[in-house]
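Report on one structure; see the data block that follows.
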Amino acid sequence: MSRMKDKVTLVIGGASGIGAAIAERVAAEGATVYLTGRRKAEIDAVATRIGHGACGIVADASDPADIERAVAAVVAEHRRIDTLIFNAAVSEGADLLSSTADFFDRHFALNVRGPLLAMRAATPHMPAGSAAVLVGSTASQMAVPHYGTYAATKAALRSYVRTWTAELAPRGIRVNVLSPGPTNTKKTADVPDDIRAAILSRVPLGRLASPAEIAGAALFLASDESSYMAGSDLHIDGGMAQV
């Protein structure tokens, strides 16, 4: 398999779950993969498991200096970044009355400011034909009680991608959103049974996605197979936000 042959790829937020699955999939398709996470032991273990020369970089995706350092590390080795994938995010519950300024700032710092910082740092080093894939959520189009702030961050990301497409398309850089539905990760494993049942009741296919299924869609957006897609929002959600 060689859909990402010779592509230098940076996966921000690749230490577990969807991000790790994406890193593994693009590496298997020939990409040279760098992945970031906040804990060295965790990110190194994922890179070792992936193989194919994958390299872990310790970085906080909401920290401007860390993001610039991660991008600089890749550029120092390869002088370019062909694919940027931003997966890092925080998702915590709080209704309107219990939301605080700190709660808001924590979500927007990582989920919105993080992708902005990453795009700003990486795009000067992305040649024509490059692609950016930003992981959004079906929540951007749905009412999700107790997760309104998280949903708002993903709606902001969707809006950014429209603007960035207009700005970057003349340079031959494609930008798209990948919006997963409920996915079977460590985060969802701890969800109480009643909440899990309520979520599944809204999914026409009646199950959670696997990280591998989300990674397959990310591979499509990152590869030349989606060469005529730009500014789009690809939902992989079992029909949750569609029917």
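All figures in this text were calculated on a predicted structure; none of them were measured in a lab.
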Would you please classify the geometry between the F103 ring and the H107 ring as parallel, tilted or perpendicular, with 30° and 60° separating the classes?
tilted
Around R202, counting heavy atoms of other residues, nucleotides and ligands shown, do more than 12 lie under 6.0 Å from its CZ?
no
Whether the S226 and R174 side chains hold a donor-acceptor pair (N or O, under 3.5 Å, no angle test) is what I'd like checked.
yes
Sequence-distant partners of K40, side chain to side chain donor-acceptor pair (under 3.5 Å), two or more places apart:
D44
Side chain of S159, backbone of A156: donor and acceptor closer than 3.5 Å?
no
Mark yes or no for whether R25, through its side chain, and A218, through its backbone, hold a donor-acceptor pair below 3.5 Å.
no
So, the side chain of T165 versus the backbone of G231: is there a donor-acceptor pair under 3.5 Å, distance only?
yes
Taking the hydrophobic residues Ile, Leu, Val, Met, Phe, Trp and Tyr, and joining any pair whose side-chain heavy atoms are under 4.5 Å apart, which ones share a cluster with L200?
L208
For the pair S223 (side chain) and L219 (backbone), establish whether a donor and an acceptor sit closer than 3.5 Å, ignoring hydrogens and angles.
yes
Is D194 atom CG crowded by more than 12 heavy atoms from other residues, nucleotides or ligands, each under 6.0 Å away?
yes
T36 side chain to G13 backbone, donor-acceptor under 3.5 Å
yes
Under 4.5 Å side-chain linkage, directly or through intermediates, the cluster mates of L110:
V90
